[in-house]
Amino acid sequence: MSRARPSAEIVAKILRQKGLSAGVQRGQVLALWPEIAGPALSELTEADRLEDGVLFVRVADSVVAHQLTYLREEFLKRYQEQLPGLVQELRFLVGAEKKSIPKSKPMTRPKLSPEEEARLRELTEHSPQDLQGVILRAGRAVLQKQKENPHPPCPICGAPSPERPCKPCQKLLTEPVVLRESGRLTRFPLKTRLEGDPLEAARYLARQKLEAQLRELLPQVIQQPELMPILQDTARRYLQLCTGEKEVRGHRHLLPETLRSLLKEV
């Protein structure tokens, strides 16, 4: 009796025979964004999703989104050269919901220090000359937004907080229903039963659990290569949890750095 081939090998053969699936194509588009945007703008933006040929790119501030609309045609041209036909339109999304500003608070943005201005100009000097002005204005907007609220966003609810996760979300992480859902999501990442912040809290815990499993498996796989299918399956579930997509071959860059070179297939 012939030995059954690993599922990863079977999937790889199907993909070779039938071409890239829609999920892989989406992954390619998202993974290519840093190259399309360039090193300066890729620090200010993140490709969010591809739907019916429309690529949604998330930015930190509405000012940045407005400035980047002037570069839409250039980005589309670059995608057409790299992945013909996959990206037909490009839209920019503001990443975080704006908080209401008390009437007593001035509506002026904080000024950047000379050191911050110099760092921005150094960042843009290697970009095409016709793009440098847009990149500079976008960078200023991001730094000014950070100075207005220096705390990074909570990884669960997104609210600025000196603690990660924020205190309300830390309490949420101890809720029995969240703990149960996190355990289930480590096995079935795409089948969710919660909504809103409880779901994000469960995903946060599940990602931590799967990442810990990956780090534990890594030295074992190096010593026992026959365990590679287990590592691949764990990595696949981890990436599904991170992206919400079934096909994750285009998202290997989201894996912990120590695993990327070892995992050629997920």
Do L254 and V248 pass the side chain to side chain contact (heavy atoms under 4.5 Å, CB included) test, and can you show the C-alpha distance, the side-chain angles, and the key distance before you say yes or no? CA-CA 10 Å; L254 298 178; V248 293; over 6 Å; no

List the atom of [X], the atom of [Y], and the distance in Å for their closest heavy-atom pair.
{"X": "E216", "Y": "Q220", "result": "O-NE2, 3.2 Å"}
{"X": "M228", "Y": "V221", "result": "CE-CG1, 3.7 Å"}
{"X": "L173", "Y": "A201", "result": "CD2-O, 3.5 Å"}
{"X": "S182", "Y": "L179", "result": "OG-O, 2.7 Å"}

Y204 side chain to E200 side chain, donor-acceptor N/O pair below 3.5 angstrom: no

Between T234 and T186, does a side chain to side chain contact (heavy atoms under 4.5 Å, CB included) hold up when you go through it step by step? CA-CA 9 Å; T234 305; T186 61; over 6 Å; no

Determine yes or no for a side-chain-to-main-chain donor-acceptor pair under 3.5 angstrom, with [X] supplying the side chain and [Y] the backbone.
{"X": "Y238", "Y": "L255", "answer": "no"}
{"X": "R58", "Y": "D48", "answer": "no"}
{"X": "E46", "Y": "V57", "answer": "no"}

Classify the angle between the aromatic ring planes of W33 and Y79 as parallel (below 30°), tilted (30 to 60°) or perpendicular (above 60°). parallel

Less than 4.5 Å apart, any side-chain heavy atom of L205 and any of Q208? yes

With a 4.5 Å cut-off on side-chain heavy atoms, are L93 and R49 touching? yes

Y70: partners by ring pair (Phe, Tyr, Trp, His ring centres under 6.0 Å), with sequence neighbours left out: H66

Does R91 have any side chain to side chain contact (heavy atoms under 4.5 Å, CB included) partners at least two apart in sequence or in another chain, and if so, which? V54, F56, E89

Salt bridge (charged side-chain N to carboxylate O under 4.0 Å, His left out) evaluation trace for K77 with E73: CA-CA 6 Å; K77 177 182 176 182; E73 294 302 322; over 6 Å; no

Side-chain ion pair, R184 and E181, N-O less than 4.0 Å: yes

Side chain to side chain donor-acceptor pair (under 3.5 Å) pairs, two or more places apart, involving residues 164-177: none

